[in-house]
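All remarks here apply to the structure that follows.
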Amino acid sequence: NLRKIYGAEASVELYWDPSIEFDRISANGLVAVRGRIEGETVSVVLTDFRVSGGSFGKENSTRLHHFIREIDAHEGSLVFLLNTLGARFTEGRSLFAPAFSVLPDLLQYRKNHLYVAAALGKCLGLGALFLGQAHYRIALGEGSIVNLTGSEVISIFFGKEAEDFSRFASAGHQIGTNTLIHEILPDSDRVCARARELAVYPRATPDRGAVSLLSSEEGRPKFMKSERALVEVLDS
């Protein structure tokens, strides 16, 4: 996904302790990089679902906290690619301080920078909160799950499976009932291409490029005249 956003031959700066050899396991489910696209600085954070379900623990949350504070001091935009089960509860209560410190970091960051986020499958717990803070929110397919908790947690607390959980927590359901999800795209290539397009808009966008950012969809309640007017403002 990093190659899809930056390009296959791009050089990026990895936010990492140089004294530790980097690999998928040592990354602890989270990778943070900074690079340039069309001359613009773009930072990307992605969660690796293969490592502890891409969950947020003490170590990777602390690293994320410092990364966001670092990039907030510079020009650029942020893309957060989320495929996560949320907070890593196996670490106990001590994880909450570092994990929840990321919320005010993102709130501060978005005051002065563009923040784009995408749900790539599961986006649960803290992941849903991080997604919800973005200026623009994309989902990979209608079946991506976005919710403050997963069906397993509901089952543990209430002793039975949540009825219709996959339906009501799906991006396809969200986009028809609220404004949490702005756009659903069918594959990761399209998601990354859209995130790349937004991250460097408008400087690296062709003339009349704003027209591609918003397209009318029947049955989508939030698409209103004001959004079409916004496209004209962006173009001008």
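Sequence positions, counted from 1, serve as the residue numbers for this chain. Scope of the values below: all heavy atoms of this structure, side chains included, with no hydrogens, waters or symmetry mates.
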Next on the checklist: Less than 4.0 angstrom from a charged side-chain N to a carboxylate O is my criterion; do E59 and R63 meet it?
Outcome noted: yes
How close do [X] and [Y] get, heavy atom to heavy atom, and via which atoms?
X	Y	value
N1	S188	OD1-CB, 3.9 Å
A117	L82	CB-CD1, 4.5 Å
S55	N60	O-ND2, 3.0 Å
V12	G35	CG1-CA, 4.3 Å
K4	C192	CB-CB, 3.6 Å
F130	L64	CE1-CD2, 4.5 Å

Item to check | Y136-H182 aromatic ring centre distance below 6.0 Å | outcome: yes
Next on the checklist: When you compare the side chains of S144 and K122, does any donor N or O come within less than 3.5 Å of an acceptor on the partner?
Outcome noted: no
Item to check | Residue among R110, H66, Q133, H65 satisfying side-chain hydrogen bond (donor to acceptor under 3.5 Å, both in side chains) with D105 | outcome: H65
Under a 4.5 Å cut-off applied to non-hydrogen side-chain atoms, are [X] and [Y] in contact?
X	Y	result
V33	Y15	no
S61	F100	no
V45	I68	no
L30	D48	no
F22	V31	yes
R190	P186	yes
V42	V200	yes
L140	L185	no

Greater than 12 external heavy atoms within 6.0 Å of [X]'s [atom1]:
X	atom1	answer
R93	CZ	no
R3	CZ	no
F89	CZ	no

In Å, rounded to the nearest 0.5 Å, how long is the span from [atom1] of [X] to [atom2] of [Y]?
X	Y	atom1	atom2	answer
F80	Y115	CZ	OH	5.5 Å
L81	L131	CG	CG	11.0 Å
N83	I145	CG	CD1	11.5 Å
I184	S170	CD1	OG	7.5 Å
K58	N28	NZ	CG	11.0 Å
E142	I181	CD	CD1	11.5 Å

Checklist entry - Going by the angle between their ring planes, with limits at 30° and 60°, are F168 and F165 parallel, tilted or perpendicular? => result perpendicular
Checklist entry - To which residues is L107 joined in a hydrophobic cluster, defined by side-chain heavy-atom contacts under 4.5 Å among Ile, Leu, Val, Met, Phe, Trp and Tyr, whether direct or through other members? => result none
Checklist entry - Could you give all pairs that pass the salt bridge (charged side-chain N to carboxylate O under 4.0 Å, His left out) test and reach residues 69-89, with sequence neighbours left out? => result R34-E70, R88-E91
Checklist entry - Counting N and O atoms only, with roles assigned by atom type, does the side chain of S52 sit under 3.5 Å from a partner on the main chain of G54, one being a donor and the other an acceptor? => result no
Item to check | From CA spacing to verdict: side-chain contact (heavy atoms from CB on, under 4.5 Å), L180, V146 | outcome: CA-CA 9 Å; L180 178 63; V146 183; 3.5 Å; yes
